[in-house]
Every structure is written in C-alpha cells, then in structure tokens.
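This chain uses plain numbering: 1 for the first residue, then up along the sequence. All ligand and atom numbering here is 1-based and tracks the order in the structure.
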Amino acid sequence: MYDVIIVGAGPAGMSAALYTLRANLSTLVIGKDGGALEQTDKIENYFGTGGVISGKELLEKGRLQVENLSGEFLTEEVVAIEWAESFTVSTQSNKYDAKAVIIATGNKRNTAKIKGLDRLEGKGVSYCAVCDAFFYKGKDVGILGSGEYALHEAMALNGLVNSITVFTDGKEISAEFPSDMKIVTEPVDEITGEEKVSGVRTKDGSEYKLDGVFVALGTAGAGELARKLGLPVENNRISVNPDKSTMIPGIFSAGDCIGGVLQIATAVGEGAEAALSAIKYLKSLNK
Ligand SMILES: Cc1cc2nc3c(=O)[nH]c(=O)nc-3n(C[C@H](O)[C@H](O)[C@H](O)COP(=O)(O)OP(=O)(O)OC[C@H]3O[C@@H](n4cnc5c(N)ncnc54)[C@H](O)[C@@H]3O)c2cc1C
C-alpha cells in the first residue's frame with residue numbers, strides 16, 4: 001500500500017512527487033511515456049533552465065530529481081482506478097494500492113471522427129465498460145479500440161455479454177484479445193441507429209448488428225479514468241476544487257488534464273498544490 005500513487009510522469013506528476021516524497025510519503029509514479037514534453041524540442045519560457053532546454057532533457061532532470069528522493073517510477077499504462085476503502089490503480093498486468101491518488105495524465109484526447117459516435121453517446125455508445133456492462137447482459141456489443149485499454153474494457157464485458165466484436169478502425173491490433181472475440185480491422189464508417197445504437201458499418205459496406213459500442217481508443221486519458229470513478233468531467237477535463245481536490249476524498253488532479261493554461265509552469269504549480277492537498281488529506285486520516 002503506497003501513501004500516494006501519481007498517474008502521469010509529466011511536469012505535474014513529477015512536481016507533485018517532489019512534495020509527497022519530501023513529506024516522507026511513499027510515492028509511486030506511473031507514466032506510460034514522456035507525455036507532451038516528449039514532443040517538445042525547445043522550451044524557452046520555463047524558469048531556471050538557463051535559456052533553451054529540450055522537453056526530453058527537462059523530463060530527464062525531473063525524473064532524476066524524483067529518483068534522488070527515492071521516488072519509484074513505473075512505465076506502465078493505467079487502465080482503471082477503483083475506489084473502495086483505499087484506491088486500486090490497475091494496469092493491464094498489475095494492481096497497485098494507495099491511500100491517495102493524484103491524476104496528472106495530461107491533455108491528450110483519443111477521439112475518432114466517426115459518424116454517430118457523439119449523437120449516440122448514452123444511447124448505446126459508452127465510455128466505461130465497468131459502469132455500463134450490466135445493461136448489456138446477454139447482448140452483442142462492439143469495442144472501438146485496438147490496444148491494452150480496449151482489452152481491459154473487453155474483459156470487463158467478457159462472460160456477461162453474448163458476443164464482443166473489436167473494431168480497430170484500421171489500426172493494427174496491439175494487445176492479445178481472447179480468441180472468441182471477433183476482430184474487425186476495416187475502418188469504421190458509422191455507428192448506426194436512430195434512437196439507440198443498432199450496429200456498426202465499416203468502410204467496405206459491411207454491417208454488424210450490435211446493441212452497444214464501447215469506446216476505448218488509444219490510452220485511457222483523464223476523462224476516461226475520471227468517468228470510471230464517477231468524477232465530473234467537462235470537455236474531457238477533470239473538474240477540481242481550488243485546492244486540486246476532487247469530489248472523491250483522496251483523489252486529486254493537476255496539470256493539463258484539469259484544463260486552464262496548458263503550460264509547464266502551471267502544471268508544476270498545480271502538481272505542488274495537489275500534493276500539498278494530498279499531504280493534508282493523509283494527515284487527516286491519521287488523526
Ligand atoms: C509540441 C508542444 C510544445 C510545447 N511547448 C511548450 C513550451 O514551450 N512551454 C511550455 O510551458 N509548455 C509547452 N507545451 C505544453 C506543456 O508540454 C504541457 O503544458 C505540460 O507538459 C503539461 O504537463 P502535464 O504533466 O499536465 O502533462 P504531460 O506532460 O502531457 O504528462 C502526462 C503524463 O501522463 C501519462 N499518462 C497519460 N495517460 C496515462 C495512462 N493511462 N497511464 C499511465 N500514464 C499516463 C503520460 O505518459 C505522461 O507521463 C508544449 C506542448 C506541446 C505538445
């Protein structure tokens with residue numbers, strides 16, 4: 001059981017880790033990659049770098065700083081966060097428990113411009129298998145996605161629904177789906193249905209009759225993780241209080257995933273605020 005798990009190893013997550021570690025809290029940082037900084041060649045507007053620095057170099061320095069304080073890092077993709085007495089953070093192959101969680105997963109949104117997707121949201125199009133699986137008991141469903149996150153969603157439905165068809169929308173499959181799940185690699189043309197989902201049509205004109213479609217494209221982002229927890233999400237951003245706490249005691253969020261000024265300086269500041277709030281929260285548990 002960690003005191004704090006930080007999901008996201010960008011400036012917000014690493015800044016938060018510096019604070020929780022210095023408060024003597026056992027801290028695990030899980031990040032699937034270098035986030036937005038990895039795509040940034042030149043940063044000229046962040047304090048203390050002596051001029052221009054690359055995103056990669058800034059990340060390396062940040063990580064070293066966290067490791068020097070005995071912070072633990074894992075390169076894994078988080079697919080769900082569950083809430084009972086404490087929190088369980090799941091990756092495809094592992095589960096980690098913590099008393100508090102800071103979500104700092106950045107701003108990347110995995111959307112697909114597929115006809116019918118937005119219109120049928122809540123009418124057979126779902127973004128959370130764990131939340132909605134029960135409504136599809138004995139029915140035929142589709143999963144839109146091709147990776148570990150899609151596999152996680154599929155497994156939440158497996159055994160409960162009648163059949164699962166995985167639509168990769170033209171992508172290569174990158175996770176090991178059970179052999180009884182049908183894989184369709186043809187790009188998706190439309191999620192069909194008037195009042196509710198009736199199926200999926202692919203670009204080659206094939207029609208698949210379905211009762212529901214679960215969207216699990218790319219990686220679980222802030223919006224998806226928050227939805228699973230039942231946290232309010234606006235425009236795919238997690239809604240937070242001024243101290244970066246959320247509606248769920250023990251869950252905090254910071255950085256690009258809460259919106260605002262999407263810059264390193266703000267992410268670092270918000271990471272610090274989220275960590276200070278988490279420290280306060282953990283102290284209140286021990287009273
Ligand atoms: C091309 C480009 C140039 C930029 N230039 C500048 C600049 O010059 N100056 C400036 O101040 N800002 C710049 N920015 C913005 C800046 O990079 C971001 O504001 C900042 O990185 C946000 O930090 P963050 O920690 O919130 O998110 P990110 O840096 O995006 O980090 C998110 C972290 O979450 C992880 N993650 C996401 N989902 C999961 C999951 N499911 N499981 C596990 N880990 C997950 C990612 O792997 C990553 O580690 C630029 C951004 C881009 C894209």
Side-chain angles (χ1 to χ4, degrees), residues 5-19 28-49 51-63 66 71-82 87-96 98 101-110 127-128 145 147-153 174-175 216-229 233 236-238 240 244 252-275:
I5 291 180
I6 299 169
V7 185
M14 285 204 274
S15 164
L18 294 177
Y19 283 79
L28 171 66
V29 182
I30 310 178
K32 73 176 175 62
D33 55 30
L37 275 194
E38 218 164 45
Q39 306 162 35
T40 316
D41 270 348
K42 279 185 190 168
I43 296 156
E44 213 171 5
N45 59 356
Y46 186 58
F47 169 83
T49 60
V52 177
I53 190 166
S54 74
K56 215 168 157 230
E57 198 185 343
L58 191 59
L59 271 178
E60 276 165 15
K61 283 179 186 282
R63 183 171 173 140
V66 172
E72 269 182 68
F73 271 98
L74 279 178
T75 307
E76 286 189 63
E77 181 182 323
V78 171
V79 290
I81 304 169
E82 275 139 323
F87 298 99
T88 303
V89 177
S90 305
T91 64
Q92 198 49 56
S93 39
N94 293 303
K95 285 184 186 295
Y96 306 95
V101 172
I102 299 175
I103 304 175
T105 47
N107 186 36
K108 205 165 164 198
R109 192 177 183 177
N110 304 299
Y127 287 82
C128 179
E148 293 209 342
Y149 179 42
L151 174 60
H152 175 266
E153 293 298 270
S174 59
L217 294 157
T219 311
E224 288 86 2
L225 294 176
R227 275 192 195 100
K228 282 184 205 298
L229 280 161
V233 176
N236 221 41
R237 307 269 163 83
I238 300 181
V240 291
K244 309 300 173 275
F252 306 84
S253 188
D256 282 7
C257 64
I258 63 167
V261 183
L262 308 182
Q263 288 285 285
I264 301 164
T266 23
V268 167
E270 289 166 0
E273 282 182 277

A.B. asks: What residue and atom, counting heavy atoms only, is the protein's closest point to atom 10 (C) of ligand 1, and at what distance?
C.D. replies: Gln263 OE1, 3.2 Å
A.B. asks: Atom 26 (O) of ligand 1: which protein heavy atom is closest, and how many Å away?
C.D. replies: Asp256 N, 2.8 Å
A.B. asks: Which is it for Ile30 and ligand 1 at heavy atoms under 4.0 Å: side chain, backbone, both or neither?
C.D. replies: backbone
A.B. asks: As an exercise, identify every atom of ligand 1 less than 4.0 angstrom from a heavy atom of Ala267.
C.D. replies: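 By the 4.0 Å cutoff, the relevant atoms are 22 (C), 23 (O).
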A.B. asks: Judged on heavy-atom distance to atom 21 (O) of ligand 1, which of Gly10, Pro11, Gly62 sits nearest?
C.D. replies: Pro11
A.B. asks: If we set the cut-off at 4.0 Å for heavy atoms, which region of Ala36 has an atom near ligand 1: side chain, backbone, both, or neither?
C.D. replies: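 Within the 4.0 Å criterion, Ala36 contacts ligand 1 through backbone and side-chain atoms alike.
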A.B. asks: Is there any N or O on Ile264 that sits under 3.5 Å from an N or O of ligand 1?
C.D. replies: yes
A.B. asks: Within a distance under 4.0 Å of any heavy atom of Gly31, pick out the atoms of ligand 1 and give their elements.
C.D. replies: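 Checking each atom against Gly31, I get 44 (N).
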A.B. asks: Do you know which two heavy atoms are closest between Ala9 and Met14, and how far apart they sit?
C.D. replies: O-CE, 3.3 Å
A.B. asks: Only heavy atoms count here, so choose which of Val7, Leu37, Thr40, Val29 is nearest to atom 5 (N) of ligand 1.
C.D. replies: Thr40
A.B. asks: Can you find an N/O atom of Leu262 closer than 3.5 Å to an N/O atom of ligand 1?
C.D. replies: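 By distance alone, the answer is yes.
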A.B. asks: If you round to the nearest 0.5 Å, how far is CD1 of Ile264 from OG of Ser15?
C.D. replies: 12.0 Å
A.B. asks: What I'd like to find out is whether the side chain of Ile103 reaches to under 4.5 Å of the side chain of Val78, using heavy atoms alone.
C.D. replies: no
A.B. asks: Under 4.5 Å between any side-chain heavy atoms of Ile53 and Tyr46, yes or no?
C.D. replies: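 They are not in contact (no side-chain heavy atoms under 4.5 Å apart), so the answer is no.
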A.B. asks: So, do Lys61 and Thr49 sit near enough that their side-chain heavy atoms are less than 4.5 Å apart?
C.D. replies: no
A.B. asks: Work out which heavy atom in Ala104 is nearest to a heavy atom in Gly13; give both atom names and the distance.
C.D. replies: CB-N, 3.7 Å
A.B. asks: Could you establish whether Gly221 and ligand 1 come within less than 4.0 Å of each other, counting only heavy atoms on the residue side?
C.D. replies: no
A.B. asks: Hey, what do you get for CD (Glu153) to CD (Glu224), rounding to the nearest 0.5 Å?
C.D. replies: 8.5 Å
A.B. asks: Just distances here: any N/O of Ala12 and N/O of ligand 1 closer than 3.5 Å?
C.D. replies: yes
A.B. asks: For Ile238, is there any backbone N or O sitting under 3.5 Å from a side-chain donor or acceptor partner on Ser253?
C.D. replies: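 No; judged by distance alone, with no hydrogens or angles, the pair does not exist.
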A.B. asks: Lys32 versus ligand 1: do any nitrogen or oxygen atoms come within less than 3.5 Å of each other?
C.D. replies: yes
A.B. asks: Quick one: does ligand 1 sit under 4.0 Å from the side chain of Glu76, the backbone, both or neither, non-hydrogen atoms only?
C.D. replies: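 Contact part for Glu76 vs ligand 1: backbone (N, CA, C, O).
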A.B. asks: For atom 41 (N) of ligand 1, what's the nearest protein heavy atom and its distance?
C.D. replies: Ala220 O, 2.8 Å
A.B. asks: Check whether Thr40 reaches the backbone of Gly55 with its side chain - one donor and one acceptor, N or O, closer than 3.5 Å.
C.D. replies: no
A.B. asks: Give the numbers and elements of all ligand 1 atoms closer than 4.0 Å to a heavy atom of Ala104.
C.D. replies: 32 (C), 33 (C), 34 (O)
A.B. asks: Is there a nitrogen or oxygen of Glu77 sitting under 3.5 Å from a nitrogen or oxygen of ligand 1?
C.D. replies: no
A.B. asks: Are the side chain of Glu44 and the backbone of Val52 linked by a donor-acceptor contact shorter than 3.5 Å?
C.D. replies: no
A.B. asks: Are any non-hydrogen side-chain atoms of Val66 and Leu18 less than 4.5 angstrom apart?
C.D. replies: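 Side-chain contact under 4.5 Å: yes.
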A.B. asks: Should you measure from each heavy atom of Gly255, which atoms of ligand 1 turn up under 4.0 Å away?
C.D. replies: 26 (O)
A.B. asks: In the protein, what heavy atom is nearest to atom 27 (O) of ligand 1, and what distance, to one decimal place, separates them?
C.D. replies: Gly106 CA, 3.4 Å
A.B. asks: Side chains of Glu72 and Tyr96: is there a donor and an acceptor less than 3.5 Å apart?
C.D. replies: no
A.B. asks: Does ligand 1 come near enough to Leu225 that some N or O of the ligand is less than 3.5 Å from an N or O of the residue?
C.D. replies: no
A.B. asks: Would you call Ser93 and Glu76 a side-chain contact if the rule is heavy atoms closer than 4.5 Å?
C.D. replies: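 Touching, per the 4.5 Å side-chain cut-off.
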A.B. asks: Which heavy atom of the protein is the closest neighbour of atom 1 (C) of ligand 1, given with residue, atom name and distance?
C.D. replies: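 Nearest protein contact, heavy atoms only, for atom 1 (C) of ligand 1 is Gln39 O, 3.8 Å.
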A.B. asks: Where is the nearest protein heavy atom to atom 47 (O) of ligand 1: which residue, which atom, and how far?
C.D. replies: Asp33 OD1, 2.6 Å
A.B. asks: Among Thr266, Ile258, Ile103, Thr105, which one puts a heavy atom closest to atom 36 (N) of ligand 1?
C.D. replies: Thr105
A.B. asks: Can you pull out the closest protein heavy atom to atom 42 (N) of ligand 1? Residue, atom name and distance to 0.1 Å, please.
C.D. replies: Val78 N, 2.8 Å
A.B. asks: Could you pull out, from Asn107, Asn45, Ile53, Val261, the option with a heavy atom nearest to atom 8 (O) of ligand 1?
C.D. replies: Asn45
A.B. asks: Measure the shortest side-chain to side-chain distance between His152 and Gln92 over non-hydrogen atoms and say whether it is less than 4.5 angstrom.
C.D. replies: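 Result yes, sub-4.5 Å side-chain heavy-atom pair found.
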A.B. asks: Looking only at protein heavy atoms, identify the closest one to atom 34 (O) of ligand 1 and say how far it is in Å.
C.D. replies: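 For atom 34 (O) of ligand 1, the nearest protein heavy atom comes out as Gly8 CA, 3.2 Å.
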A.B. asks: Quick check: do Lys228 and Ile81 have side-chain heavy atoms less than 4.5 Å from each other?
C.D. replies: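 SC-SC contact between Lys228 and Ile81 ruled out.
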